[in-house]
Amino acid sequence: MTDEPIPDGSPPSRTTPAVAVVDAQSPGNVGTIARAMKNFGFEDLLLVDPPELDPDGEAYGFAGHAREDVLPNADEISFDSLVENYHTIGCTAVTNEDDHSHMRFPYSTPAELADRLPTVESPTALVFGREGVGLTNAELARIDEICSIPANADYPVLNLGQAATITLYELQSLTLDETQLPDLERVRAPEPTVDRLYDQWAALLEEINHPEEKREKTMRMLRRVFGRADLTEREANTLLGLLRRATERPAED
């Protein structure tokens, strides 16, 4: 972990948000946040008054593969440096209900931030507070905007590591061009194959003497069903084969 302060007046060039953790008490939570950063494509970890991060301790134990890059490359900076050099988004579970106090209002959800942050030209930092009390009102007063995760009104407070993980998940569109999940556009059966499936259904309805006045409505229902199903090419071809066999069945004696 480096501990050189960011020079005043020299904000870094950054295309994705940094993640800042203020006064965390548990090294394990710092490690958990580093791991979530690795999961969702964030690289820059900023630590304000961090606990000791022993390479043989729980921070590195909780960090997973982030122990190799995110955690050892974290920067230790002051809160003053953080708010002076970044457009800051303070993450908090407690917000005001109206505009009578701007300390914790207005706020954005993480999903809303994902849509809006690309328009912010300044280097940005997502700021998470300490366990138990989070960010203080004095700290929030110096932060540019507020973010809050929608949760049960009776118990909205999340563990520090959980809150960071949820927030970073919602913001993954800012950092990841692709994930481990397959591209559904490529997996879905080609339209010509799906069209042949519909043609085969129409042929089957005719073969079984389905009432002619009901065929159009039935075909519309089938299009809705298969449209929602997003059939793969293999699934569509299997259904085509079954429908052909049903349509071309030998006449009964």
Side-chain angles (χ1 to χ4, degrees), residues 1-92 110 113-114 117-118 120-131 134-135 139 142-145 147 158-180:
M1 182 175 69
T2 61
D3 57 3
E4 294 182 4
I6 298 172
D8 290 345
S10 302
S13 175
R14 199 180 305 278
T15 57
T16 58
V19 176
V21 185
V22 177
D23 195 22
Q25 304 301 301
S26 167
N29 274 328
V30 177
T32 297
I33 292 172
R35 179 171 184 155
M37 291 173 63
K38 185 79 171 180
N39 287 144
F40 302 118
F42 293 80
E43 299 178 351
D44 300 300
L45 178 59
L46 307 175
L47 300 175
V48 177
D49 298 325
E52 182 178 355
L53 303 181
D54 183 352
D56 296 321
E58 65 177 20
Y60 279 77
F62 282 38
H65 286 184
R67 71 170 67 91
E68 300 169 1
D69 43 26
V70 176
L71 198 52
N73 293 329
D75 292 312
E76 183 173 348
I77 64 173
S78 67
F79 190 81
D80 288 341
S81 182
L82 178 66
V83 297
E84 289 168 5
N85 287 281
Y86 291 87
H87 175 87
T88 48
I89 302 106
C91 298
T92 178
L113 279 179
L117 280 186
V120 179
E121 295 184 0
S122 304
T124 58
L126 304 164
V127 186
F128 297 92
R130 52 194 64 74
E131 300 92 336
L135 296 168
E139 289 164 344
R142 301 181 63 192
I143 280 176
D144 296 300
E145 57 177 307
C147 175
L158 287 90
N159 169 275
L160 174 57
Q162 293 173 328
T165 299
I166 292 170
T167 302
L168 298 179
Y169 164 76
E170 291 283 7
L171 297 177
Q172 64 178 282
S173 62
L174 304 179
T175 59
L176 299 178
D177 293 326
E178 60 181 27
T179 70
Q180 88 283 11

Engineer: Working to the nearest 0.5 Å, report the span between CG of Leu117 and OG of Ser122.
Structural biologist: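 That separation rounds to 11.0 Å.
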Engineer: Would you name the heavy atoms of Thr124 and Tyr86 that are closest together and state the gap between them?
Structural biologist: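 Distance-wise, the nearest heavy atoms are O-CD2, 3.7 Å.
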Engineer: Can you establish whether the number of heavy atoms outside Glu43 located under 6.0 Å from its atom CD is more than 12?
Structural biologist: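 For Glu43, atom CD is not crowded (no more than 12 foreign heavy atoms under 6.0 Å).
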Engineer: Check whether any side-chain heavy atom of Val19 lies under 4.5 Å from a side-chain heavy atom of Val70, and answer yes or no.
Structural biologist: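 Sidechains of Val70 and Val19: no contact.
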Engineer: Any non-hydrogen side-chain atom of Glu145 less than 4.5 Å from a side-chain atom of Leu113?
Structural biologist: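 Heavy-atom side-chain distance check passes, below 4.5 Å.
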Engineer: Look up atom OH in Tyr169 and atom CG in Asn39, then write down how far apart they are to the nearest 0.5 Å.
Structural biologist: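 Rounded to the nearest 0.5 Å, the OH-CG separation comes to 12.0 Å.
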Engineer: Please confirm whether the backbone N or O of Tyr60 pairs with a side-chain atom of Arg67, one donor and one acceptor, at under 3.5 Å?
Structural biologist: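 Side chain of Arg67 to backbone of Tyr60: a pair is present.
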Engineer: Show the numbers, then the answer: is there a side-chain contact (heavy atoms from CB on, under 4.5 Å) between Asn159 and Thr32?
Structural biologist: CA-CA 11 Å; Asn159 169 275; Thr32 297; 5.8 Å; no
Engineer: Give the minimum heavy-atom separation between Ala24 and Pro51, together with the two atoms involved.
Structural biologist: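 Minimum heavy-atom separation between Ala24 and Pro51: O-CD, 3.0 Å.
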Engineer: With rounding to the nearest 0.5 angstrom, report the CD to CG distance, Glu76 to Leu53.
Structural biologist: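 Between atom CD of Glu76 and atom CG of Leu53 there are 8.5 Å.
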Engineer: Quick one: do Val48 and Ile77 satisfy side-chain contact (heavy atoms from CB on, under 4.5 Å)? Show the steps, please.
Structural biologist: CA-CA 5 Å; Val48 177; Ile77 64 173; 4.3 Å; yes
Engineer: Measure the spacing between OG1 of Thr92 and CZ of Phe128 and express it to the nearest 0.5 Å.
Structural biologist: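 The CZ atom of Phe128 is 11.0 Å from OG1 of Thr92, to the nearest 0.5 Å.
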Engineer: Would the distance check show the side chain of Gln25 and the main-chain N or O of Asp23 forming a donor-acceptor pair, the cut-off being under 3.5 Å?
Structural biologist: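 Flag set: sc Gln25 to bb Asp23 pair under 3.5 Å.
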Engineer: Please round to the nearest 0.5 Å and tell me the distance separating atom CG of Leu46 and atom OG of Ser78.
Structural biologist: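 Taking CG in Leu46 and OG in Ser78, the distance rounds to 11.0 Å.
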Engineer: Can you see which heavy atom on Glu58 is nearest to which on Pro27, and at what distance?
Structural biologist: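 Where Glu58 meets Pro27 most closely, the heavy atoms are OE2-CD, 3.5 Å.
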Engineer: Give the C-alpha distance, both sets of side-chain angles, the deciding distance and a yes or no for side-chain contact (heavy atoms from CB on, under 4.5 Å) between Leu171 and Phe40.
Structural biologist: CA-CA 8 Å; Leu171 297 177; Phe40 302 118; over 6 Å; no
Engineer: Give a yes or no on whether the backbone of Ser81 and the side-chain of Glu84 come within a donor-acceptor separation of less than 3.5 Å.
Structural biologist: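 No; zero donor-acceptor contacts below 3.5 Å.
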Engineer: How far apart are the C-alpha atoms of Asn29 and Val21, what are their side-chain angles, what is the distance that settles it, and do they pass the side-chain contact (heavy atoms from CB on, under 4.5 Å) test?
Structural biologist: CA-CA 10 Å; Asn29 274 328; Val21 185; over 6 Å; no
Engineer: Does any N or O in the side chain of Thr88 come within less than 3.5 Å of the main-chain N or O of Ala125, such that one atom is a donor and the other an acceptor?
Structural biologist: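 Side chain of Thr88 to backbone of Ala125: no pair is present.
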Engineer: So Pro17 and Leu174, do their side chains get closer than 4.5 Å, heavy atoms only?
Structural biologist: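 Yes, their side chains come closer than 4.5 Å.
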Engineer: Start with the C-alpha gap between Arg130 and Asp49, add the side-chain angles, then the distance that decides, and say whether salt bridge (Lys or Arg N to Asp or Glu O under 4.0 Å) holds.
Structural biologist: CA-CA 10 Å; Arg130 52 194 64 74; Asp49 298 325; over 6 Å; no
Engineer: Do Lys38 and Asp69 touch side chain to side chain, with heavy atoms closer than 4.5 Å?
Structural biologist: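 Answer yes - side chains close enough.
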Engineer: Using every non-hydrogen atom in the two residues, find where Ala34 and Leu45 come nearest and quote the distance to one decimal.
Structural biologist: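 Heavy atoms only, the tightest pair is CB-CD2, 4.4 Å.
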Engineer: Nearest heavy-atom pair of Ala59 and Leu71: which atoms, and what distance?
Structural biologist: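 Closest approach of Ala59 to Leu71: O-CD2, 3.7 Å.
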Engineer: Can you name the nearest heavy-atom pair linking Ile143 to Gly90, along with the distance?
Structural biologist: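 Shortest heavy-atom separation between Ile143 and Gly90 comes out as CG2-N, 3.4 Å.
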Engineer: Can you tell me which residue among Thr165, Ile166, Thr167 is in a side chain to side chain contact (heavy atoms under 4.5 Å, CB included) with Leu158?
Structural biologist: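 By the side chain to side chain contact (heavy atoms under 4.5 Å, CB included) criterion, Leu158 pairs with just one of Thr165, Ile166, Thr167: Ile166.
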